Amino acid sequence: MVYKKRLDGRGWEDTRPIEAKAGVIKNADGSAYFKIGKTTAYAAVYGPRELYPRFLQNPKTGILRCFYNMMPFSGMGDRVRPGANRRSKEISMVMEKALGLVVDLHDYPNSTVDVFVELSQTDAGSRCAAICAAAIALADAGIDMKDMVSAVAVGKIDDKIVADLDYHEEAYEEGPVADIPVAMLYNTKEITLLQMDGEVSKEELLNALELAKRVTEKIAQIQIKALKERYAP
Amino acid sequence: MKELKEHTLRLIEEGRRNDGRKHMDYREPVVVTYGISGTAEGSAQVQIGDTIVMAGVKLSIETPYPDTPDQGGIMVNVELYPLSSPEYEPGPPGILAVELARVVDRGIREAKAIDLKKLCIEKGAKAWTVGIDIVTVNDAGNLFDACALAALAALKDAYFPVYKDGELHYEEKSKKKVSLSKEPVSVTVYKFGNSYVIDPNAEESCVYDARLTVASTDDGMLSALQKGGDAPLTVEDVNKMIDIAIEKATFLRKKL
C-alpha cells in the first residue's frame with residue numbers, strides 16, 4: 001500500500017492542532033470559537049427567543065435551529081457566493097439533529113434557540129468544527145444540555161484508518177478514500193451525526209467509529225476546558 | 001426609544017456621552033489584525049470597541065466589461081450576519097448592508113486607490129477582479145467606519161495568487177501585492193441636536209439625527225460622501241463635519 005505516512009506528518013490517530021474559546025461574541029447569549037488546523041468556526045447562540053413566523057412555533061417545546069455558513073472568502077480558490085445553498089442547508093439540518101437531542105427546551109414553548117456558525121477559513125472538517133463550536137456556544141448560553149457533543153471526521157486512506165482528514169487527504173488519488181464525519185456524545189458515546197462518502201468496508205467503518213470514540217473524547221475535554229476557562233474566577 | 005433619544009441627546013449637549021467618552025473619541029481599543037483567513041488572498045479583522053468586523057479579499061480572473069476592455073474590476077459586498085446581532089436575520093441583504101457596501105466601494109473606487117488598468121492581463125479577454133467581502137462578527141455600532149477600515153486593511157494584506165500558463169494556483173501566493181496608490185479612510189460624523197460626535201456605540205447608533213460619512217485620502221482629498229439620518233444638514237454642518245472626518249482619518253490611518 002502506498003499511504004505510509006500522513007501528508008503533514010501526523011500520527012494516524014492525531015488531529016490537527018485544536019484551539020477553543022468560549023465567549024467571543026459579546027452580543028450573543030452564548031458564543032465560541034473552534035479552530036482545528038486551518039478550519040476556523042465562530043458560533044453564536046441567540047435565545048431562547050420568540051419564534052416567527054408563528055406557524056413554526058411548537059406549543060409543547062422550544063426548538064433548536066442551526067445555520068451553517070461559510071464566509072465568502074473562506075474557501076481556497078473561488079469566492080463562496082453568499083446566501084444559503086444546498087450544501088449549507090443540508091449541513092444546517094444535520095447539525096440540528098446532531099445537537100438537538102442533547103438540549104432540553106421544554107421550558108420554553110413557542111421559542112427558538114438559534115445557533116449561527118460562520119467559518120472564516122476552511123480546510124476540510126468544517127461541519128465537525130461547526131458542531132464543536134456550536135456545542136460550546138450552547139453551553140455558554142446556559143442552555144440545558146444532557147451531554148457534550150463533539151465531532152470529528154474519521155476515515156480511510158488506502159488501507160489506513162485515520163482521524164481528522166484535511167483537504168489534501170480528502171483529495172488523495174493513489175487509493176481509496178472514505179470521509180466519515182461523526183458526532184458523538186461525551187458520556188454515552190452515542191452517535192448523533194454520521195455521514196460518509198467514499199468507499200469503505202463494514203469492518204473498516206467499525207474500526208473508524210472506534211477511533212471516533214477515542215478522538216471525540218479528547219475533543220470534548222478541550223471543549224469543556226474552554227468553558228471552564230471562561231467561567232474561572 | 002423616545003426616552004433613549006432624549007437621554008442620549010441631553011448627555012451629548014452637556015458635553016458628555018452614555019459611555020463616558022468625549023465627543024471626538026473613538027472607543028478603545030481600535031485594533032487592526034491582518035491575515036485572519038488563510039483562504040483569502042488578503043484579510044483583516046477590525047475591532048473598534050465592541051464592534052468586530054472581518055474583511056477578506058478574493059482575486060479572480062474574469063473577462064473585462066466590453067466598454068472597459070483594458071481594466072479589471074472591484075466588487076464590495078457587506079454581510080450583516082445574524083451571528084453578530086439579535087437584530088439581524090438570515091436572508092438576502094437588506095438596505096443597510098447594501099448602503100454600507102456601496103459607500104465602502106465608492107470610497108475605494110473613486111479615490112482611484114487601485115489602478116484598474118494594472119489589473120488587466122490580456123486586453124478584452126482577461127483581467128483580475130478584486131472581490132472584497134466584509135462581514136460583521138459583533139455589531140456594536142459604527143459599522144461604516146469599521147467596514148471601510150477592514151476593507152482597506154484586507155487590501156493592504158492581499159497578494160496575487162500564482163498565475164502561470166493560463167492556470168491559477170490559489171494555494172501559492174506570489175510576491176506581487178495588490179498595489180494601492182492611496183489609502184482612503186472613512187470617518188462618519190454624527191449630529192445630535194447641535195452637537196457632533198464620532199464612533200457611536202450601539203445605543204447612540206439608534207437615535208442620531210443625521211450622519212455624514214466622509215472617505216478621505218492622506219492628501220486631504222475626499223473620495224466619497226454619504227449623508228444619512230432623518231434630519232437635514234446645513235452647509236456649515238457639512239463644512240465642520242468634513243474637518244472632523246479628515247482629522248480623525250489621520251488617527252485611524254495610524255492604526256493600519
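Chain letters run A, B, ... following the sequence lines, proteins first, then strands; residues in each count from 1. Given the structure is predicted, the values throughout are model-derived calculations rather than measurements.
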(request) Using non-hydrogen atoms and a 4.5 Å limit, figure out which bit of A/Ala84 sits close to chain B: side chain, backbone, both or neither. (result) neither
(message) Just to verify, which of A/Thr40, A/Leu119, A/Val117, A/Ile219 counts as forming a side chain to side chain contact (heavy atoms under 4.5 Å, CB included) with A/Phe34?
(response) A/Ile219
(request) With a 4.5 Å cut-off on heavy-atom pairs, point out which of B/Ser84, B/Gly91, B/Pro92, B/Ala140 contacts chain A the most. (result) B/Ser84
(message) Looking only at side-chain N and O atoms, does B/Thr188 offer a donor or acceptor that is under 3.5 Å from a partner on B/Arg211?
(response) no
(message) Under a 3.5 Å threshold, yes or no: a donor from one side chain and an acceptor from the other, between B/Asn18 and B/Asn201?
(response) yes
(message) I need the residue from B/Glu41, B/Met75, B/Glu89 with the largest number of non-hydrogen atom pairs under 4.5 Å to chain A.
(response) B/Met75
(request) Check whether A/Tyr42 gets within reach of chain B through its side chain, its backbone, both or neither, counting any heavy atom under 4.5 Å. (result) both
(request) Considering only heavy atoms and a distance below 4.5 Å, find which of B/Gly131, B/Ser60, B/Pro90 pairs most often with chain A. (result) B/Pro90
(request) Let me know if B/Val135 has heavy atoms under 4.5 Å from chain A in its side chain, its backbone, both or neither. (result) side chain
(request) Examine whether an atom of B/Pro82 lies under 4.5 Å from a heavy atom of chain A, and if so say whether it belongs to the side chain, the backbone or both; otherwise answer neither. (result) both
(request) Find the one option among B/Asp133, B/Asn77, B/Val57, B/Asp139 whose heavy-atom pairs under 4.5 Å with chain A are most numerous. (result) B/Asp133
(message) Please classify the contact between B/Ala55 and chain A as side chain, backbone, both or neither, with a heavy-atom cut-off of under 4.5 Å.
(response) backbone
(message) Counting only heavy atoms not in A/Arg230 (residues, nucleotides, ligands), do more than 12 fall under 6.0 Å from its CZ?
(response) yes
(message) Regarding B/Arg27 and B/Asp50, does a basic nitrogen lie under 4.0 Å from an acidic carboxylate oxygen?
(response) no
(message) Taking side chain as everything from C-beta outward and backbone as N, CA, C, O, which of these in A/Asp78 sits under 4.5 Å from a heavy atom of chain B? Side chain, backbone, both or neither.
(response) both
(request) Sort B/Glu79 into side chain, backbone, both or neither according to what part of it lies under 4.5 angstrom from a heavy atom of chain A. (result) side chain
(request) May I ask you to establish whether B/Lys58 and B/Tyr170 are in a cation-pi arrangement, using a distance under 6.0 Å from NZ or CZ to the six-membered ring centre and at most 45° from the ring axis? (result) yes
(request) Run the ring-centre check on A/Tyr3 versus A/Tyr172 and record whether the distance is less than 6.0 Å. (result) yes
